[in-house]
Amino acid sequence: MRPAPFSYHKAERLDQALALLAEFGEDARPIAGGQSLVPMMNLRLARPSHLVDINALDLDTIELRSDHLHIGALVRHERYARESLIAQHFPAFAEGVEWIGHPTIRRRGTLGGSISHADPTAELPALCVLLGAEIIAQSAEGSRRIPAAEFFISAYVTSLEAGEMVTGIDLPLPKGKSSGAFEEFAERSGDFAIISAGVTLEHDGRAITDARVVWSGVDLAPVMAERAGDLLRGKPLSAPEAEAAAQAMSAGITPLDDPMASAEFRHSLIVELTQRALTRACEKAMQAS
Amino acid sequence: MNAPIPNLSKRQIGARVQRFEDTRLMSGAAKYIADITLPDMLHLSFVRSQVAHAKILEVDTSMLEDLDYPVQVFTGKDTDGLSLKANQDLPGVQRSEQPLLALDRLRFVGDPAAVVLADDPYLAEDAAELVFIDFDPLPVVATMEQALAEDTTPLFDGWTGNKFVERQMKGGDLEAARAQAAHVIRRTYRNQRQTGVPMEGRGVIADYDKGTRVLTLWSSTQMPHLVRTYICEELGLPESRIRVIAPDVGGGFGVKGQVFADEVLIAWLAIQTGRPVKWVEDRRENLIASIHARDHEHTLEAYVSAEGRLLGLKADISTDVGAYSTFPFTAGGDPGMAAKVMPGPYDFQAYEATFRALATNKCPLGTYRGVGRPSAVFSQERLMDVIAQEIGMDPIEFRLKNVVKEFPYKNVLGFTYDPGSYEESLLKMRELLAEDIKAAEASKASPDSRIGVGIACFIEQTAHGTGDFTKRRSPIETGYISARVEMSTDGEVLIGLGLQSHGQGLETTCAQVAADALGVGPQRVFVRHGDTLTSPYSVGTWGSRGGPLGGGAVHIAANKIADKLRLIAAHILQVADPATIQLDENRASVIGDPARFVPIPELARAALRNVDRLPEGMTPGLTEEFSLDGPKDGTYANAVHAAIVEIDVKTGKMKLRRFVVVEDCGTILNPMIVDGQVRGGVVQGIGSAIMEHMIYDEEGQPLTTTFADYLMPLATEMPEIDVHHIETPTPLTPLGAKGLGEGGAIGPPAAIANAVANALGVEVEATPLNAQAIWRLAKATRSEG
Amino acid sequence: MSKTTITANGQTKNLSLEPRRLLADVLREDFRLSGVHIGCAHGACGACTVHVDGVPRLSCLTFAVQCDGAEINTVESLGGDDAHHLLQRAFREEHGLQCGYCTPGFLMTMAPYVEEMAAQDRMPEDAEIRHAMSGNICRCTGYQSIVAAVRLAITQRRNGESTQ
C-alpha cells in the first residue's frame, strides 16, 4: 500500500499552479491537505502522474464580500468553528462541519480538497448544495462559477475539467431572517454519514417563508428535497408539522441500498433526521426572534 | 484436586507493579518486525487472487522482463509440493493442504499465486502489479448454505461436499431429559464473520547463513517454537539450525497464533535466493488474507423442567471456516470449541452437539480471542434469557437456580470444573445492577428512548493441558509452557520464557513471580521471550495460559534456585536447617535473626565462581528449567458481564451507558494488568457485538477491505468498564492463577444482545447489532409509540 | 528525485527523494526513527502521527517532499530513551498501553492536547478527551486507561509539573 510513481511540483502562486495543471491536464491533480487523495493513492485507486502542491497558495481567506461569504479552498476544517461569520450567517454549515473526520484530519484537510474529492456522504458537498454555494473553479483559461447543485455529479465525480481546480466557494448571505440545522447519522463519530440532512429556513419571526432541505447518503451526490419550500412555506415556527413535512418531501425517494444500510433504513433515517433538523431550526429561529 | 494452595509471600505477586516493557514501547526503541533491516535484503510483494474461486490456467510473469530494475518472481510451480497441512486424525475429517503458492486453483480473494522480490518495497509492489493470473472461474461457494448444498463445488479434489469435518459430542440421556421436560425451547443464533486486527499487521523476515547452515526467521508470531518445528518438518532442515525470533509484536489476539504458509514460503525463498527476504503485511492484506474469526450458526434446543431446571441441551453448530484448514488448531478448532463449551456454567447432565466446519471461498478462519466461546456464550446466554422469559422467571434468578454450586464438578462431557464463584458473581452483579434495572423499567414507557440491561454468565476453560489436545488429535498435540531461570554472578536474574509477550505484560508479571521466589526486586529480573535460541521449547502464547502456566513455570524454576541459594546460605552461615533461611530484600538471612545474612549476589558468586564456598558435593551453577503442562481439563475462570444500553428507537442508534464485569481468574498476579486485559477484551467483544463485520458479496468478494469499511471501536463510542474481582485460587496451577486473557472478549456479544432484547422487548438472534440491525429490531417498538 | 531538506528531532538531512515516498517511510528509513509506526497507511488509525512544525499530522498521508524545510518531531523526541515525558509517565502509571504499537501515535496526538488544556487551565470531560483521540485506534486497552492517563497528565500540568 504505497503510491504509484508521480512527479511532484510545488506551486508558489496560483498562476503557477494553473499553468502546471494546464500543462499536465488529466494526468495532474492538485494536492492540498491530501487527507482524501493520499489514501486513494496509497491504495492505488488514484494514480495521478503529476501532483501540484497548492499548500503555499494564498487561498485561505474567509471574508464577507458584498452579498456573500467567501471561503478559500485552502481553509482547513478545524477553522470553521472559530469563524464567527460562519456561526452568525450559516448555522447549518457550522453544525455540519462539526461532523467532519477526526481532529488530526480536520487540522490538515481543506475545504477545496473535500469538495473536489466529492465523497457521496461527505458533509461539505451537502452543505454547499444546501446553501446554494457557487464553487469557483479556475484554470489557466480563466475562472468560472459552478452552482453546487451542478458541481457534484456522482460519487467522486465533479464537473471540474482537466486543468481546473477549486479556489474557493461563495455562500450567498441569507436575505432576511434565517435559521438552519444539520443532522447526521453515522455508525461511529467521524465516519462518513449513512444519512445526513441539512435544513435552512427563511422566516418572518413567526412563520417559515422559505426552506431548503438537502440529504446525503441518498444517492451518489447530495440530493435536494424538491418540495421542501412548498411544503413548509407558511408553517408556524412553533408548529412546523415537521414529521408530516419530512414524510411528504421524502415520498418517492429511493435511497441507495447496500450491505451497510438498506434503502428502507436510509429512508427511515431521512424522515427522522429531516424532522429533527427542521424542529431544531425552528426552535433556533424562535429563540433568535 | 485438593492439593493445598501454596502459601505465597505475595510481596510482588498481587502488587500493582508498573510495566518494565513500557519504556521501550513508548520511547520508540521497541523493535517490531518492520523495524528490522538486514544488508542486501529483498522485499517481497504478493500477487493475490482477485477472484474467489477459479482454476489457474497460467501465471504470466512476462511483463517483468521489461523492467529496468532487478526482480525475481516465484509462482506455485516453483513451490510445488510444499504446503501447509493441518489435519485432524479423526473419522469425519476430510484432509486438505494449502499450497505455499496457489498452483492449480485459487480458493479465495487474497489467495497468493506468486511473489515478486525487489530491492525496495515500493518497487516490489510496482512489479507485483505486472503479474497476471489467467484463470477459468469456478462456481463460488460463498455461504454455509451453499457449502451444504447437494450440488456444491468441492474446494478440494477428491472431496465429497464441502465439510472439513463433521462430528458429535455427547453425554447423558438426552431422550430422558426431553421426556421429563415441561418446556422445550428451540432457537437459532448467528454470529457474523470478523477479524482480529492487531494494530501491527503480520510480517516475516528470513535469512539463511550458508556458512553455518542456520536459517533465522523473524516473524510477528505468538508461537515461535511451533513455527520452527513446522519449517523443520516441511523444508527438511535440522531444527537445531533454525532459529525463530518473534520481536516486539504489536498485538496478536490469536490472529498471530497460527503457523502460516507464508512463514514457510519466506524461509524457503531466503534459501533459494541466498539473500534475506522481508515481507511486511499491508492493512488490506491483513483484512482480507490473514485470519478471520467467528462466523457461527447454532441451533439449540433446551429441555427445562416445570420448576425451571435445565435438564438437557441439544446443539447443532456450523462454522464457515473459509478456504483452508489452519495450523495447528485446524478447521475443526472453532466449531469444536463451541460444542465443547456450550454446557457452560450450568448444572445439567444430558447434552448432544453436532458440529461441522464448512469450506467456503473466503479467507481461512483461525483463532481469535475467545475461539468459539464468544459464539457459544452468545447462543447459550441468549437462550437462558429466552427460557427465563418463557417460564416467567427473572433472568438472574433463573441462572442462579441452574449454575454449578458444588466443586469439583464433573460436567456432562466429563470435564471437571475446579472451584469458582459462579453463584457469588451473579449475586454480586445483581447488587451492582439494581439502579440500572430500575432505570430500564422506567424507560419502558418512552416511545423514543429505551434502556436495557443484559447479562452474560460464563466460564472459560483456560490453561488446558496435553490431555485436552490429545483428544482433538490435531497438530497442536500439547499445551505446556517452559521457563528457564538463571541467576548470574551479580545476583541478577535472567528468564528465558517460552511465551511470547505482545501486550500482556509478561516481562513484568513473570519478573514479579521470580522476585518473590528469589527475594530480589523485580527490576533485577530480565525476562527474555519470543526467541527459540534463548527460550526453552513451548507452545507459545494463546489459550489464556500466560499467567497460570508461564508464571507457574517461572515460579517452580525460580524456587529450585531459591532452594539451592538457601542451602548455600545455610552452609556459609553455618545453620543446620536451610528451611530457616529466608530470601528477601536481596539477602539470605536467618529467620528470627536478621543480622545473620549473606547478600544474594555473594551466594550467586559462590555458586558460579567461588565454588570452593559451596557445600561438599554440590554442583556449581544456578540455572533451572521447568516445563509446566496445564491440568488435563484446564482450570475454569468465570465471569458475569453486564451491558446497559440506551436505544434511540427511531434511528436505531445505541449508546452503551455502562459495562460491568465481575470476574474470577483465581490469584491475581498484577491487578493493573488484569484490569487492562479485561477492559481491552471487553472492547474487542463490544466490537464483535455491534460493528465489526467482514462482509463478502455473493461472488465471494470482500467488501470491507479498509478501515473506512471495517469498523472497529473508537474511544468515542466505548463506555466506562467497571471491573470487579472475586479471587478463587485454583489448586491446579502453582500460583492459583487461572487464565484471563480471552475472557473479556467472550461475554459482550451475549450481554449486549440481552440488553437490546430487554430494552426493546424483542428477541435478538444475530450479531452485529449495528444501527441498522437495532433499527429493524425496534420496528415493533416504534409502531407502539 | 527531489532535493528535500528535513529536520527531524533536531537532526537536519539533505535528501534526494522519490516524490512518492511517504514521510512515515523517510522518517523510519532515512532518519532511523522506528517509533513512527504504520498501522493502516490510509489515514484511518493514527499510529503514524508525528508533529510537523509542532502540529500533529498523519505521516502516512504526507509525502516527504512536501516537508522541505519543515521541522518534524517524532515520539523519540518526546521524553528521550527513558520515556520520561509527563504524558509517558502518566501512560505508565495508568497502564495506557499494552502492545505499544499504537502508542507513539496516541502520545503525539495527545501531548499537544494536554498542553492546550493546561494552558486553558481546564479539565475536559471524558467525552472531550475521547473525541480528541478519536482518530487513533487502540486494539488492546479499550481506551479507558488512556483517558485516565491523559486526565492524570492534565492534572499534573495544571499543578505546575514540567513535561520533562
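FYI, side chains are in, hydrogens and waters are out, and symmetry mates aren't considered; it's all heavy atoms of this structure. Reminder, nothing fancy here: chain letters follow the sequence lines and each chain counts from 1. Since this is a predicted model, take the numbers as computed values, not measurements.
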Answer with side chain, backbone, both or neither: which region of [X] has an atom nearer than 4.5 Å to a non-hydrogen atom of chain A?
X: B/Arg776; result: side chain
X: B/Tyr696; result: neither
X: B/Ser45; result: neither
X: B/Leu711; result: both

Engaged part of A/Leu43 at the chain B interface, taking heavy atoms whose separation is under 4.5 Å: side chain
Under 4.5 Å from a heavy atom of chain B, the part of A/Glu272 involved: side chain
Interatomic spacing from CZ in A/Phe192 to CG in B/Asp709 - rounded to 0.5 Å: 10.5 Å
Are [X] and [Y] close enough that some pair of their side-chain heavy atoms sits under 4.5 Å apart?
X: A/Arg188; Y: B/Thr716; value: no
X: A/Pro39; Y: B/Thr706; value: no
X: A/Pro3; Y: B/Tyr122; value: yes
X: A/Glu187; Y: B/Ile690; value: no
X: B/Asn770; Y: A/Met260; value: no

Is [Y] paired with [X] through a side-chain N to carboxylate O contact shorter than 4.0 Å?
X: A/Arg47; Y: B/Glu129; answer: yes
X: A/Arg2; Y: B/Asp120; answer: no
X: B/Glu125; Y: A/Arg44; answer: yes
X: B/Lys779; Y: A/Glu264; answer: yes

Crowding at CZ, B/Arg284 (>12 non-hydrogen neighbours, <6.0 Å): no
More than 12 heavy atoms of other groups within 6.0 Å of B/Arg48 CZ: yes
Step-by-step side chain to side chain contact (heavy atoms under 4.5 Å, CB included) determination, A/His102 to B/Leu714: CA-CA 11 Å; A/His102 303 292; B/Leu714 301 177; 3.7 Å; yes
Side-chain (B/Gln772) to main-chain (A/Phe265) donor-acceptor, under 3.5 angstrom: no
Donor-acceptor pair, side chain of B/Lys650 and main chain of A/Leu269, under 3.5 angstrom: no
A/Arg276/B/Thr651 under side chain to side chain contact (heavy atoms under 4.5 Å, CB included): CA gap, chis, key distance, verdict: CA-CA 11 Å; A/Arg276 289 180 189 190; B/Thr651 62; 3.8 Å; yes
